[in-house]
Amino acid sequence: MASGTWIKRTRVGFVAMLSALLMLAGCGYHFASAGSGLPQDAKTIYVSRFSNASRFTGFNDQFMRYMKDQIAEHKRLQIVDEPKQADLLLTGQILRVETVPVGFNGVSEVSIYQQYMVVRAQLQDRHTDKVLWANVLSSINQFPTVSSTVITTSPEFLQQNLRSQDIANLPDIQVAQTQQAASSTQMMTKMAQNIYSAMSEGF
């Protein structure tokens, strides 16, 4: 089998696997109170450290900063330091974090990678132990590895502290490193936003 054909088939396999996983991640568990949103009398929340089933040590600790920042930004709930101080308890698990190639140049070298993460999360009323919301959610982002594939007018790039001239002057390895770091930040931010929105609105 020619190497180009193998790469094309491998790419299709990656994309199919990723699509199936993310479709599965979008199908969560809904409870009777799903449509009610947050309880009106809930003022405080304890965010438990999510466990980590991914291959990346410490990824859950990185994500917790984004999750807490997202809750604090909305100013609806006050984050407390102890579970006994909280009206609500948020727990979860990082199920998967992966990076897969999805774009190739003319000589079959990877030019674009896709990152995704899958998280299971649950919101519980600490006073009654009732599960108010639970779901499995996904967040996905992609990043280029060479300057020629960086879209410097995209919203993702404009969030970075870089200019188009900076990217053009960087060697490919630095382009890949800077874009992967930015993609990871955006992916975790999106996930934190998804979790907060879902648990607040009950879906």
Side-chain angles (χ1 to χ4, degrees), residues 17-100 114-142 155-156 159 180-203:
M17 176 195 72
L18 182 58
S19 298
L21 179 64
L22 295 183
M23 285 178 65
L24 178 63
C27 300
Y29 297 93
H30 298 262
F31 295 86
S33 60
S36 61
L38 298 174
Q40 291 185 355
D41 57 349
K43 305 298 182 186
T44 57
I45 185 170
Y46 177 76
V47 183
S48 181
R49 180 174 179 261
F50 284 21
S51 61
N52 185 16
S54 79
R55 299 182 293 112
F56 300 96
T57 302
F59 190 89
N60 53 331
D61 293 320
Q62 293 180 50
F63 176 67
M64 295 318 295
R65 296 196 296 270
Y66 292 88
M67 191 69 251
K68 290 180 178 180
D69 285 348
Q70 185 65 208
I71 293 172
E73 181 180 314
H74 284 81
K75 300 179 180 179
R76 167 63 178 82
L77 297 167
Q78 179 184 353
I79 298 174
V80 294
D81 297 328
E82 298 291 338
K84 63 183 180 182
Q85 300 172 324
D87 298 316
L88 304 175
L89 176 64
L90 178 64
T91 58
Q93 181 182 34
I94 309 293
L95 297 176
R96 192 162 185 176
V97 179
E98 296 291 345
T99 301
V100 296
Q114 199 160 63
Q115 286 184 311
Y116 68 91
M117 63 185 295
V118 182
V119 174
R120 177 187 293 117
Q122 174 178 293
L123 185 69
Q124 185 176 4
D125 187 319
R126 202 192 62 80
H127 302 298
T128 64
D129 291 331
K130 182 179 180 180
V131 174
L132 302 175
W133 166 86
N135 211 335
V136 178
L137 302 98
S138 62
S139 178
I140 188 169
N141 218 54
Q142 67 180 28
E156 290 79 10
Q159 292 176 27
Q180 182 173 15
S183 176
S184 295
T185 294
Q186 292 162 6
M187 177 180 67
M188 287 189 280
T189 298
K190 289 177 185 176
M191 175 58 78
Q193 291 171 343
N194 290 347
I195 291 175
Y196 183 85
S197 177
M199 76 177 193
S200 297
E201 299 177 22
F203 61 84

How many angstroms lie between atom [atom1] of [X] and atom [atom2] of [Y], to the nearest 0.5 angstrom?
X: S139; Y: M187; atom1: OG; atom2: CE; value: 6.5 Å
X: K190; Y: I195; atom1: NZ; atom2: CD1; value: 14.5 Å
X: Q70; Y: Q193; atom1: CD; atom2: CD; value: 5.0 Å
X: R126; Y: L89; atom1: CZ; atom2: CG; value: 8.5 Å
X: S200; Y: L132; atom1: OG; atom2: CG; value: 11.0 Å
X: T99; Y: N141; atom1: OG1; atom2: CG; value: 10.5 Å

Problem - Partner residues of H127 under the ring pair (Phe, Tyr, Trp, His ring centres under 6.0 Å) criterion, sequence neighbours left out - result: none
Exercise for the section: For S54, enumerate each residue passing the side-chain hydrogen bond (donor to acceptor under 3.5 Å, both in side chains) test, keeping only those at least two apart in sequence or located in another chain. Expected result: N52
Exercise for the section: Would you please name every residue forming a side-chain hydrogen bond (donor to acceptor under 3.5 Å, both in side chains) with D61, sequence neighbours left out? Expected result: R49
Which residues satisfy the side-chain contact (heavy atoms from CB on, under 4.5 Å) test with [X], sequence neighbours excluded?
X: K43; value: D87
X: Q62; value: R65, M188
X: T57; value: none

Testing the basics here: between [X] and [Y], what is the closest heavy-atom pair and its distance to 0.1 Å?
X: Y46; Y: V80; result: CD1-O, 3.4 Å
X: Y66; Y: A192; result: O-CB, 3.6 Å
X: S138; Y: N194; result: O-ND2, 3.3 Å
X: R55; Y: V97; result: NH2-O, 4.3 Å
X: R76; Y: P39; result: NH2-O, 2.9 Å
X: L77; Y: A42; result: CD2-O, 3.6 Å

Practice task
Look at E98 together with R96 and state whether they make a salt bridge at an N to O cut-off of under 4.0 Å.
Solution key: yes
Should [X] and [Y] count as side-chain neighbours, where that means a heavy-atom distance under 4.5 Å?
X: L90; Y: I71; answer: yes
X: I94; Y: M191; answer: no
X: T91; Y: Q124; answer: no

Practice task
Tell me, with the steps shown, if M117 and F59 meet side chain to side chain contact (heavy atoms under 4.5 Å, CB included).
Solution key: CA-CA 10 Å; M117 63 185 295; F59 190 89; 3.6 Å; yes
Practice task
Check the angle between the aromatic planes of F50 and F63 and answer parallel, tilted or perpendicular using the 30° and 60° thresholds.
Solution key: tilted
Practice task
Return yes if a side-chain donor-acceptor contact under 3.5 Å exists between T44 and Q85, otherwise no.
Solution key: no
